[in-house]
There are 2 protein chains.
Amino acid sequence: MSHTPGARQAQKQRTRQALLDAALGLLAEQSLSSLGLREVTRAAGVAPTAFYRHFRSTADLGVALVGEALDSLHAMIRTTLSPVDDSARRITRAVGLVAGHVDAHPAHVRFVARERHGGVQPVREAIREQLVRFAEEVKAELAKDPRSRGWSDDDLLMLAHLYVDQMLSTASLFLETPGDEPLERERVARLAARQLRLIGTGRAHWLD
Amino acid sequence: MSHTPGARQAQKQRTRQALLDAALGLLAEQSLSSLGLREVTRAAGVAPTAFYRHFRSTADLGVALVGEALDSLHAMIRTTLSPVDDSARRITRAVGLVAGHVDAHPAHVRFVARERHGGVQPVREAIREQLVRFAEEVKAELAKDPRSRGWSDDDLLMLAHLYVDQMLSTASLFLETPGDEPLERERVARLAARQLRLIGTGRAHWLD
DNA sequence: TCATCCAGTTAACAACTGTTCTCCCGCGGT
DNA sequence: ACCGCGGGAGAACAGTTGTTAACTGGATGA
């Protein structure tokens, strides 16, 4: 019907996205290593064999999901980053950003937390690689802070990893608390804020 | 009375242990949610139907594994606990204990790290419950320290959770570094030591 | 306009899964 | 010495799995 260039590839990427979305949905209640090829195609509404047009295996699909999930995390890290200091107001703002991201992309957060130590090696490596990149980005931002004067590169990277791990841990904690329990959410938020404050305190006196 | 040392029940627990060990071995390269009943019995050298004499499902077996794995972690936490202070010597000792435990029980560490956020809800809850118990134990030990004077119970628990998470993170990091790379191991050990030192520094100035 | 390409389909394969029933046989209590 | 309990084996069940092959039909490029 339409000779518009790209309608072909557009449809292909559409079903590819349908497969990714279907998989992400199914991964809410299982791990990637138990995700079946047919299961995914069934949920996506396509024939089993169509899967091979996009991915070699479910592990391959998992690696693609890592990119998707970490892209959304990337945006949050950026916004969480700029105000990295100990001011109580900014810490609570950072925790709020994490909470908001968990609300906006719960499946992505769950996927990363679950498969970071999961049973599929290529996916583990892909996640680790991305988290290292994040830590380096955080380190670069920390280096700009006047408070980092006198810090070695290694120590800055160490602190960056600590922040990244803490953020992921907090996100996973938010994920586990049901959304209809605002008082529990507040408890988690205050716990995370205090942990960030303690790390910040350690940072302030690191060179003593 | 059923206090009979019975060769009967002894054999039963023997095959039960064989199932647990076989499962733990298989879980080195996959997640619990993809672990098959027949797969386990095959590796254990028993008939598939024998499985039901001990567990209702693989998820049930997973919960049993949590107990086993966390028992071994428990012992390490205890020994790591007593010298919780900032002396560089004791920190490196604690890190060494973690490294030693990973060497002694790699499968247990891997299982806990993997299934803590894994796809089987009952197992996740069992792990979380045990980790909460650990944190409370750590908190109790921290409370004995004269340095904790003036700390609120909530803050002590917060710090305890931070220590537990940090220990698990370190253990998982050791697990991922191949054992035949002593220089990489040393790098991980020093990273963990510095992170502990930073937390300890924050602790020392918490009440400022 | 027409031949080509290629995402998606249908059909079929052997292999594997969890679960039920039936049977076996050695230990434990009497 | 006997019988019953119960851990384990064996066979069979209907479903599901990943993967290959041959096919269809609409978009694509000359």
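Candidate nucleotides C:dT9, D:dG8, D:dT20 were compared by shortest atom distance to the side chain of A:Ala47, and C:dT9 ranks first. Side-chain atoms of B:Arg38 lie closest to C:dG18 of the nucleotides C:dT20, C:dG8, C:dG18. Relative to the side chain of B:Glu39, the nucleotides C:dT19, D:dG7, C:dT17 differ in distance, and C:dT17 lies closest. Residue A:Gln11 places its side chain closer to C:dG8 than to any other of D:dG8, C:dG8, C:dC27.
Looking at which nucleotide of DNA chain D each of A:Arg53 and B:Gly45 is closest to, the 5′-most match is held by B:Gly45.
Summarising the geometry, the separation between CZ on A:Arg56 and P on D:dG18 is reported as 17 Å, rounded to the nearest angstrom. As a whole-Å value, the separation of A:Gln9 CD from C:dC5 P is 16 Å. In this structure, B:Phe51 places its CZ atom 13 Å from P of C:dT20, rounding to the nearest Å. Regarding B:Asp60, its CG atom lies at a distance of 15 Å from the C1' atom of C:dG18, rounded to whole Å. As a whole-Å value, the separation of B:Phe55 CZ from C:dG18 C1' is 17 Å. Counting to the nearest Å, the C1' atom of D:dG18 and the CG atom of A:Leu37 are 7 Å from each other. Between B:Tyr52 atom OH and C:dT17 atom P there is a gap of 12 Å when expressed in whole angstrom units. In this entry the distance linking CD of A:Gln13 with P of C:dC6 reads 16 Å, nearest Å.
Remark: the B:Arg8 side chain and the D:dG6 base include a donor-acceptor N/O pair separated by less than 3.5 Å. For A:Thr49 against C:dT10, a side-chain-to-base donor-acceptor contact under 3.5 Å is present.
A salt bridge links B:Asp165 with B:Arg116: at least one charged nitrogen is closer than 4.0 Å to a carboxylate oxygen. Under the 4.0 Å criterion applied to side-chain N and carboxylate O atoms, B:Arg124 and A:Glu176 are not assigned as salt-bridge partners. Ionic pairing of B:Glu39 and B:Arg42 is not present here: no N-O contact between side-chain nitrogen and carboxylate oxygen is shorter than 4.0 angstrom.
If you check every strand for non-hydrogen atoms under 4.0 Å, A:Ser57 touches nothing. The residue A:Arg42 sits close only to the backbone: its heavy atoms come under 4.0 Å of sugar-phosphate atoms, none of a base. Looking at heavy-atom distances under 4.0 Å, A:Ala50 makes contact with a base. At a threshold of 4.0 angstrom between heavy atoms, the contacts of B:Arg14 with the nucleic acid are absent.
B:Ser72 and B:His108 share a donor-acceptor pair across their side chains, judged by distance under 3.5 Å alone.
Considering A:Glu129, A:Glu137, A:Gln130 in turn, A:Gln130 is the only one that fulfils the side chain to side chain donor-acceptor pair (under 3.5 Å) rule with A:Arg133.
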